[in-house]
Amino acid sequence: MKNPKVPFSPVEFRKETLYLLDQRKLPNREVWVACRTSRAVWKAIRHMIVRGAPAIGIAAGYGLYLGVRGFRGGRYEFMQELSRQGRYLDSSRPTARNLAYALERILNRVCLSRQDHIVDLKRLVLEEARQIHLDDIVLCRKIGQYGSRLFKRGDTILTHCNAGGLATSGYGTALAVFYALKEKKIPFSVFVDETRPLLQGARLTAWELSRSKIPATLICDNMAASLMRARKIQGVVVGADRIAMNGDTANKIGTYGVAVLAHVHRIPFYIAAPSTTFDLKAKTGKDIPIEERPHDEVRKLHGKQLAPKGIKVFNPSFDVTPAKYISGIITEAGVLRPPFARSIGKVKRLLEHA
Ligand code: MRU
């Protein structure tokens with residue numbers, strides 16, 4: 001799908017095939033992976049060919065269609081198969097809320113339809129998957145508009161991980177703020193945390209910002225503290241994988257540390273995320289499941305052994321930033337401010353009436 005409103009599209013669906021830009025290979029190679037079954041999509045999500053909460057949700061939506069497109073039988077059996085495929089895709093990664101959001105949305109749409117013909121039900125699944133994809137572009141652009149109002153000429157902004165076009169339908173959440181600032185011709189610059197262990201900052205955010213000609217400087221994760229003390233950073237914007245109803249936010253491991261640093265140095269710390277990342281069932285961060293990933297991700301770097309083979313490793317992929325360290329959550333409905341238990345009501349209403 002070519003869409004002029006995004007810098008690029010990491011997820012494309014055409015001719016009954018889902019094409020994913022392989023994010024493991026960036027920035028050195030631009031390789032596309034073709035998925036024709038829900039199993040292939042499950043694997044692509046688990047092994048992070050596609051990653052970033054909204055992009056995972058978009059891919060899973062198409063994956064659900066691929067899972068039922070060959071189905072034969074009646075409506076009742078179709079619904080059973082649809083929920084089975086949904087549970088299967090949902091098991092690919094546990095933290096990103098957008099994954100379950102997309103699957104639940106498609107299931108609800110089909111459940112509520114009066115169609116009896118299986119061909120029509122399959123068409124509905126694909127239609128809704130495409131709509132989730134298109135909606136994300138709109139949500140991200142709104143986030144960019146609201147977020148860009150928080151910064152002024154000459155600011156330097158820190159970001160962690162990759163909450164860019166690659167992690168969404170092409171425009172990003174945290175990076176949407178940067179793309180919008182650039183479109184408004186407001187001069188600014190960015191510090192990019194490299195983001196160990198998988199280096200989403202160094203490989204992906206640095207790639208995106210370079211190709212968009214946004215001035216960016218790559219730093220190791222342990223360098224932000226001294227930059228903040230030297231007053232070289234005026235704000236932080238990161239994405240989110242899941243946001244609880246009190247504002248506690250799960251994002252890439254290391255985000256919590258950056259938030260504490262920003263708090264100590266009195267630097268505004270913003271989360272940028274669409275309503276699709278909020279979890280109505282999670283009251284606080286304690287209700288957010290945190291994925292633990294393979295230990296070799298820490299022992300090795302790009303397949304090269306760094307640490308002794310048998311060394312014990314702890315590798316949680318995400319951490320939770322308590323709401324008290326968050327200055328605002330930039331959503332498509334505006335910037336939510338503390339106390340979040342109240343301001344999140346705006347997003348809650350959006351989700352409940354969707
Ligand atoms: O493990 P990843 O690369 O999927 O983690 C991605 C992040 O933590 C992003 O910041 C988050 O998903 C927001 S993407 C708009």
Side-chain angles (χ1 to χ4, degrees), residues 6-7 10-11 20-26 44-60 92-102 135-137 139-144 147 158-179 192-208 221 236-243 249-259 269-279 288-294 297-298 315-321 326 329-332:
V6 292
V11 181
L20 299 168
L21 179 56
D22 190 343
Q23 306 201 19
R24 302 167 310 175
K25 303 269 173 19
L26 289 171
I45 297 173
R46 169 63 66 98
H47 301 304
M48 296 175 69
I49 289 171
V50 59
R51 33 83 31 218
I56 290 172
I58 294 165
S92 55
R93 286 192 81 187
T95 305
R97 166 62 196 158
N98 308 59
L99 174 58
Y101 165 85
D135 285 354
D136 188 69
I137 299 175
L139 303 185
C140 288
R141 291 206 69 103
K142 286 187 181 163
I143 288 172
L158 174 72
T159 191
H160 188 75
C161 193
N162 172 265
L166 288 167
T168 61
S169 49
Y171 197 70
T173 57
L175 266 57
V177 176
F178 305 160
Y179 290 131
V192 180
D193 271 350
E194 65 172 350
T195 320
R196 269 288 279 154
L198 293 182
L199 302 176
Q200 287 92 331
R203 295 187 304 104
L204 308 177
T205 299
W207 179 80
E208 277 197 38
D221 297 331
V236 180
V237 190
V238 297
D241 283 83
R242 194 184 290 237
I243 303 176
T249 296
N251 190 48
K252 180 52 56 196
I253 190 75
T255 302
Y256 170 44
V258 176
F269 176 91
Y270 297 105
I271 298 289
S275 53
T276 50
T277 304
F278 288 71
D279 184 353
I288 301 179
I290 300 293
E291 173 183 14
E292 222 196 298
R293 293 207 44 98
E297 288 183 355
V298 177
N315 187 20
S317 197
F318 303 96
D319 57 27
V320 174
T321 298
I326 300 171
I329 306 177
I330 311 163
T331 72
E332 77 270 22

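Every number for a ligand or one of its atoms is a count from 1 in the order of the listing.
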Q. Going by an N to O cut-off under 4.0 Å, is there a salt bridge joining R196 and D221?
A. no
Q | Sole residue of R51, Q23, Q200 in side chain to side chain donor-acceptor pair (under 3.5 Å) with N162 | A | R51
If you look at each N/O of ligand 1, which protein N/O atoms lie under 3.5 Å away, and at what distance?
residue, atom, partner, partner atom, Å
ligand 1, 1 (O), R93, NH1, 3.4
ligand 1, 1 (O), R93, NH2, 2.8
ligand 1, 1 (O), K252, NZ, 2.7
ligand 1, 3 (O), R51, NE, 2.8
ligand 1, 3 (O), R51, NH2, 3.3
ligand 1, 3 (O), Q200, NE2, 2.9
ligand 1, 4 (O), G52, N, 3.0
ligand 1, 4 (O), R93, NH1, 2.9
ligand 1, 8 (O), D241, OD1, 2.8
ligand 1, 8 (O), N251, OD1, 3.1
ligand 1, 8 (O), K252, N, 3.2
ligand 1, 10 (O), N251, OD1, 2.6
ligand 1, 12 (O), A53, N, 2.9
ligand 1, 12 (O), D241, OD1, 3.1
ligand 1, 12 (O), D241, OD2, 3.0

Q. Side chains of R93 and M48: does their closest heavy-atom pair fall under 4.5 Å?
A. yes
Q) So do T321 and N251 actually touch side chain to side chain, heavy atoms under 4.5 Å? A) no
Q.
If the condition is ring-ring contact (aromatic ring centres under 6.0 Å, His included), which residues does F278 pass it with, not counting sequence neighbours?
A. none
Q) So with a 6.0 Å cut-off around CZ of F269, is the heavy-atom count from everything else above 12? A) yes
